[in-house]
**Q** 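This is the structure I want to talk about, given as structure tokens.
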Amino acid sequence: MTERTLILIKPDGVQRLLVGRILARYEERGLKILGLKLLRADRALAERHYAVHRGKPFYAGLVEFITSGPLVALAVEGPNAIAVARATNGATRPVEAGPGTIRGDFALEVAQNIVHASDAAETAESELAIWFRPDELVEYGRDIDHWVLAADD
Ligand code: IDP
Ligand code: MG
């Protein structure tokens with residue numbers, strides 16, 4: 001099923017000059033980029049995004065970290081995009097993330113794990129709405145769609 005999901009390259013990914021290489025992984029997989037921007041999240045935006053984690057011991061540090069510098073937000077679309085993006089990112093704890101995943105290749109610490117991706121259809125919808133206005137998402141066809149998507153996708 002065609003899905004859309006929200007991905008963030010967190011401030012550590014930007015500071016470590018990994019934006020291009022990380023974007024390439026989603027792009028080369030075939031996910032279609034519908035929205036893309038670099039911004040510095042303020043506290044209100046970070047708290048909305050991480051509302052589900054409020055009250056957890058790592059929450060304060062999480063908000064501090066995600067607001068500590070610019071990040072890259074992207075909206076992508078594709079078959080099973082939610083699961084595909086999370087698999088591309090790898091496990092939350094980098095020690096458990098397999099080689100070949102973004103976290104498995106570039107991260108060591110859970111608090112500096114480089115990327116975020118929505119975890120379910122409902123969170124993808126609400127997180128996309130937090131980070132992108134509807135007019136910031138661009139719908140378009142790609143010539144390669146014929147090669148990477150089934151006819152009924
Ligand atoms: P996810 O990013 O893989 O969906 P979540 O459980 O939703 O993982 O946690 C959100 C983020 O909070 C993680 O990506 C990670 O950066 C941070 N985090 C999760 N658990 C811990 C922890 O135990 N200590 C510090 N940071 C954590
Ligand atoms: Mg999560």
Side-chain angles (χ1 to χ4, degrees), residues 1-134 136-138 148-149 153:
M1 192 187 38
T2 301
E3 296 174 337
R4 292 180 177 185
T5 193
L6 182 272
I7 294 170
L8 301 176
I9 304 176
K10 301 183 193 180
D12 50 340
V14 175
Q15 294 299 325
R16 291 179 52 195
L17 318 183
L18 292 172
V19 170
R21 293 172 72 187
I22 291 171
L23 282 177
R25 293 187 176 213
Y26 306 117
E27 193 181 32
E28 290 171 348
R29 185 77 187 266
L31 292 171
K32 183 188 293 183
I33 299 172
L34 304 183
L36 178 63
K37 59 182 167 185
L38 179 138
L39 71 157
R40 182 156 184 177
D42 64 16
R43 197 166 186 86
L45 182 60
E47 289 183 348
R48 269 179 85 196
H49 175 73
Y50 280 131
V52 61
H53 296 298
R54 192 184 300 265
K56 294 184 184 170
F58 58 86
Y59 175 74
L62 192 54
V63 170
E64 198 67 35
F65 183 68
I66 202 81
T67 57
S68 65
L71 55 76
V72 172
L74 66 155
V76 300
E77 181 182 84
N80 308 301
I82 296 166
V84 166
R86 286 185 68 86
T88 301
N89 289 359
T92 303
R93 287 155 46 87
V95 64
E96 292 162 2
T101 66
I102 292 167
R103 289 162 171 170
D105 288 350
F106 297 130
L108 288 170
E109 298 279 5
V110 67
Q112 285 117 283
N113 63 1
I114 311 257
V115 279
H116 167 87
S118 310
D119 63 6
E122 307 73 50
T123 41
E125 192 181 343
S126 61
E127 290 177 3
L128 284 167
I130 289 172
W131 293 91
F132 289 95
R133 296 191 314 269
E136 291 178 315
L137 301 183
V138 181
V148 297
L149 301 177
D153 273 338

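Both ligands and their constituent atoms are indexed starting at 1 by order of listing. Treat the numbers as computed from the prediction; the structure is a model and nothing was measured. The figures here come from the full heavy-atom set of this structure, side chains too, leaving out hydrogens, waters and symmetry mates.
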**Q** Give the residue and atom name of whichever protein heavy atom lies nearest to atom 17 (C) of ligand 1, and the separation in Å to one decimal.
**A**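 Residue, atom and distance for the closest contact: Leu62 CD1, 3.7 Å.
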
**Q** Are the side chains of Tyr26 and Asn89 in contact, using a 4.5 Å heavy-atom criterion?
**A**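 SC-SC contact between Asn89 and Tyr26 confirmed.
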
**Q** Would one find more than 12 heavy atoms of other residues, nucleotides or ligands at under 6.0 Å from atom CZ of Arg54?
**A**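 Atom CZ in Arg54 is crowded, with more than 12 foreign heavy atoms closer than 6.0 Å.
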
**Q** Taking the side chain as everything from C-beta on, heavy atoms only, tell me whether Glu77 gets closer than 4.5 Å to Glu3.
**A**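 No; the side chains remain at least 4.5 Å from each other.
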
**Q** Ignoring hydrogens and angles, tell me if any N or O in the side chain of Arg103 forms a donor-acceptor pair with the backbone of Asn113 under 3.5 Å.
**A**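 Answer holds: yes.
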
**Q** Is there a side-chain contact between Leu71 and His116 in this structure, where contact means two heavy atoms from C-beta onward sitting under 4.5 Å apart?
**A**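 A side-chain contact is absent here, since even the closest heavy-atom pair is not under 4.5 Å.
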
**Q** Using a 4.0 Å heavy-atom cut-off, which part of Arg86 comes near ligand 1: side chain, backbone, both, or neither?
**A**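 The answer is the side chain.
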
**Q** Thinking salt bridges, do Arg25 and Asp105 make one under a 4.0 Å N-O criterion?
**A**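 Looking at Arg25 and Asp105, the cut-off is met.
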
**Q** Can you tell me the protein heavy atom closest to atom 23 (O) of ligand 1 and the distance?
**A**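 Residue, atom and distance for the closest contact: Phe58 CD2, 3.8 Å.
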
**Q** Please state which protein non-hydrogen atom is closest to atom 15 (C) of ligand 1 and give its distance, to 0.1 Å?
**A**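 The closest one turns out to be Val110 O, 3.1 Å.
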
**Q** Report the part of Glu109 (side chain from C-beta onward, or backbone N, CA, C, O) that has a heavy atom under 4.0 Å from ligand 1; answer both or neither where that applies.
**A**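 For Glu109, no heavy atom sits under 4.0 Å from ligand 1.
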
**Q** Closer than 4.0 angstrom: is that true for some heavy atom of His49 and an atom of ligand 1?
**A**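 False for this residue.
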
**Q** Please verify whether a non-hydrogen atom of Asp119 lies at under 4.0 Å from ligand 1.
**A**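 Not so, Asp119 does not reach ligand 1.
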
**Q** Could you see which bit of Lys10 sits under 4.0 Å from ligand 1, with heavy atoms only: side chain, backbone, both or neither?
**A**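 Side chain only.
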
**Q** Are any of the N/O atoms on Val115, whether in the backbone or the side chain, positioned under 3.5 angstrom from an N/O atom of ligand 1?
**A**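 Such a contact does not occur with ligand 1.
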
**Q** For ligand 1, which atoms sit closer than 4.0 Å to a heavy atom of Thr92?
**A**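 That gives atoms 1 (P), 3 (O), 8 (O), 13 (C) of ligand 1.
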
**Q** Number the atoms of ligand 1 from 1 as they appear, then name those within less than 4.0 Å of a heavy atom of Asn113, with their elements.
**A**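 Those atoms are 13 (C), 14 (O), 15 (C), 16 (O).
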
**Q** Among all protein heavy atoms in this structure, tell me which lies nearest to atom 2 (O) of ligand 1, with the distance rounded to 0.1 Å.
**A**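 Answer for atom 2 (O) of ligand 1: Arg103 NH2, 3.2 Å.
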
**Q** Would you check if Leu45 and Leu39 make a side-chain contact, meaning some heavy-atom pair closer than 4.5 Å?
**A**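 Side chain of Leu45 against side chain of Leu39, heavy atoms only: contact under 4.5 Å found.
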
**Q** Using a heavy-atom cut-off of under 4.0 Å, does the side chain or the backbone of His53 touch ligand 1, or both, or neither?
**A**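 The side chain, only.
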
**Q** Among Ile102, Val14, Leu8, find the residue that satisfies the side-chain contact (heavy atoms from CB on, under 4.5 Å) test when tested with Ile114.
**A**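 The option that passes is Ile102.
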
**Q** Quick check: do His53 and Leu62 have side-chain heavy atoms less than 4.5 Å from each other?
**A**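 Counting from C-beta outward, His53 and Leu62 do come under 4.5 Å.
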
